[in-house]
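Below you'll find the structure, written out as C-alpha cells, and then a few comments.
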Amino acid sequence: MVDWSQLPERLLFMIAVRLCSVVDLFRFRSICRSWRSSVSGNEDPFPRRPLIELDPLVAKFSIDQAGNEQISGLDRGAFLSRAAFFRVALSSSSSSSSKSWLIKSDTDLRSGRLRLLNPLSRKLLPRNFHSLDLLQFTVSEIQESYAIGDFRTRKTFPGFKRVVLVSVPGGDPRIVGIGLDGKIRYWNGEIWTRVVVGGGDDEMGKFYDITVHKGLTYALDSKGVVWRISSSLSFLKFGPLLDESIITNNSCCRDKSFVECCGELYIVDRLLEEKPRERFNLDGHVPHVRCFAYVLHDDVENVICHRSDLESTDLNSPKTVGFKVYKMDEELGKWVEVNSLGDNAFLVATDCGFSVLANEFYGCLENSIYFTDKECEILVFKLDDGSITRITTPEQSCFQVFLPSFPGHGSCSASIHLYNMDSALGI
C-alpha cells in the first residue's frame, strides 16, 4: 500500500501550486505533517494579494433643509474588495450525498479571517454561527466578484454598479467599473478616468453591465449593444442589437445584466415596476434629516451618484416584477429569448451574475433566477410560470441552498475559522 505521506517535498509543492484556492490549500495542509511542511513559510503558493487603495474615490456633500449642498471634503480610504462564492459539501467520508450549499465570503481587513456575506449582496450575515471544520467538509471556490470597499465602515462604497479586473498583457490587471451614472471608468493609479469611445462620451449612452468572459471583457449599453473591450480599452461591437421592441418598450422600467452559463454569455433583462413608490416628505419640504450625497470624483468632474436621504431609501426603489432571458443565436445572427434554463439556476447578485447546476445544491430550483431587491432579502423567479417567491423563513426548501445547516455544527460561521489537524488557522 502506498504511503502518501512519504511523497517527495518538491512533488508535494508542485501539487500545491496547482490548487484552485486558499481553501483547497488549507485542506491540502491538513492531510499530514509532511504535506503541511511542504508549503510552509516563504514558499506559500497563495501569498495574500496586495491591497489596492483607491484614494480618493468620493466626495461628500452636506444637504441642509433648504436643499443647499456644500462639499465637506473628499472621503479617503477606498480599496478594491474581493469576495468569492464557495460550494460547501460534506466530505465523502461523512456522507454519500452529493448535494452542496452555496456561501459567499470576503476577508476582514483587521483580522484577516473570512466573513460570511449575504450571497446576493455584500451585507454581513449575523455573527451567531459555529465554525466549519475542513476535515469534514469540502470547500471549493466557484466564482469571484469585486466591489469598492470603505476602510472605516467595512461596507461597499455607493457609486459603482459593477467592478471587474481586466487583464493587461505584461502588466497588472486594470480596475474597470460602471458608475451609477452609467459611465465606464478605470483606475489609472491616481484617479478614476472616464473611458471615451468614438466621437464622444455619450455616443453609446449609459452602460448596464460589464463582465469578463473567457478572458475577454464585454460591456452592455442601454441601447442593447454588446461591446468587446480590449486591454487598451478600445471598443468593438459584438453581435447584433437586441430586438428594438425590447429596448424601446416603455411599459415598464428595465435593468440588464450578464450571466455566464455553460460557457456561453446570456443577457438577463430585469423588469421593474412602472411607477416608483412615492417619496415620504413633510408638507413638500425637504425632511429635517442629516444626509450626504456621495459624489464620484473622476478626471472630468464630480458626479452625484447616491444620496443617503429619504430619496434613496427602499421606499423609492422600484420592485422587480419579472425577468426575460436572451441568448445569442449564431445561426440566425440575433439575440433570441430563452424560455427555459434547463437544469440551471441563475444567480443575479449585486456584484456579479453566474449560474449553477440546480441539482448539485440543496433546494435549488432549476429554470429559475435568484435575485435581491433590497440587498438584504433573497427572492426567486420561476421562469416557467413567472412567479416570484420571497424568503420568509429558513425552512423554505427553495432557499436551503443559501442556508447551510451542518449536522453537529449548527450553521456555517459568519467569521469562518478553517481548522487544520493540529491548530485553528484564520485566513
Give me the atom names and distance for the closest heavy-atom approach of [X] to [Y].
| X | Y | value |
| --- | --- | --- |
| S121 | K104 | O-NZ, 2.8 Å |
| P173 | L165 | CB-CB, 4.2 Å |
| L7 | L11 | CD2-CD2, 4.2 Å |
| K256 | L220 | CB-CD2, 3.5 Å |
| G179 | F160 | N-CD2, 3.9 Å |
| S257 | V348 | OG-CG1, 3.9 Å |

For [X] and [Y], test the side chains for any donor-to-acceptor distance below 3.5 angstrom and give the result as yes or no.
| X | Y | result |
| --- | --- | --- |
| S140 | R87 | no |
| D373 | T320 | yes |
| W192 | D299 | no |

E190 atom CD: more than 12 heavy-atom contacts under 6.0 Å: no
CG/D172: more than 12 non-hydrogen atoms of other groups inside 6.0 Å: no
Please round to the nearest 0.5 Å and tell me the distance separating atom [atom1] of [X] and atom [atom2] of [Y].
| X | Y | atom1 | atom2 | answer |
| --- | --- | --- | --- | --- |
| I388 | S368 | CD1 | OG | 12.0 Å |
| H213 | E264 | NE2 | CD | 7.5 Å |
| L365 | D384 | CG | CG | 9.0 Å |
| L271 | K319 | CG | NZ | 13.5 Å |
| L54 | S81 | CG | OG | 10.5 Å |
| C261 | F354 | SG | CZ | 11.5 Å |

Test: [X] and [Y] ion pair at under 4.0 Å:
| X | Y | value |
| --- | --- | --- |
| K161 | D255 | yes |
| E366 | K382 | no |
| E337 | K327 | no |

Side chains of [X] and [Y], heavy atoms from C-beta outward: is any pair under 4.5 Å?
| X | Y | value |
| --- | --- | --- |
| Y146 | L80 | yes |
| I369 | V380 | no |
| R115 | L124 | yes |
| T217 | I210 | yes |
| I184 | V176 | yes |
| P119 | Y370 | no |
| L102 | L347 | yes |
| F79 | I148 | no |

Centroid separation under 6.0 Å, is that true for the rings of [Y] and [X]?
| X | Y | value |
| --- | --- | --- |
| F361 | F402 | no |
| F258 | Y208 | no |
| Y362 | W101 | yes |
| F371 | F323 | yes |
| Y266 | W335 | no |

Whether [X] side chain and [Y] backbone form a donor-acceptor pair below 3.5 Å:
| X | Y | value |
| --- | --- | --- |
| K99 | L90 | no |
| T156 | G149 | no |
| D221 | V225 | yes |

Check against side-chain contact (heavy atoms from CB on, under 4.5 Å), F86 and I142: CA-CA 6 Å; F86 295 91; I142 60 175; over 6 Å; no
L341 and L383: CA distance, side-chain angles, deciding distance, side-chain contact (heavy atoms from CB on, under 4.5 Å) verdict: CA-CA 8 Å; L341 306 179; L383 202 61; 3.8 Å; yes
From R162, R82, R122, residue fulfilling side-chain hydrogen bond (donor to acceptor under 3.5 Å, both in side chains) relative to D351: R122
Derivation of the side-chain contact (heavy atoms from CB on, under 4.5 Å) call for F238 and Y218: CA-CA 8 Å; F238 175 76; Y218 297 88; 3.9 Å; yes
N344/S355 under side-chain hydrogen bond (donor to acceptor under 3.5 Å, both in side chains): CA gap, chis, key distance, verdict: CA-CA 6 Å; N344 300 292; S355 67; 4.8 Å; no
Residues V195, I229; criterion side-chain contact (heavy atoms from CB on, under 4.5 Å); working and verdict: CA-CA 11 Å; V195 178; I229 307 176; over 6 Å; no
Within 45° cone of Y186 ring axis and under 6.0 Å: R174 NZ or CZ: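 The answer is yes; both the distance and angle limits are met.
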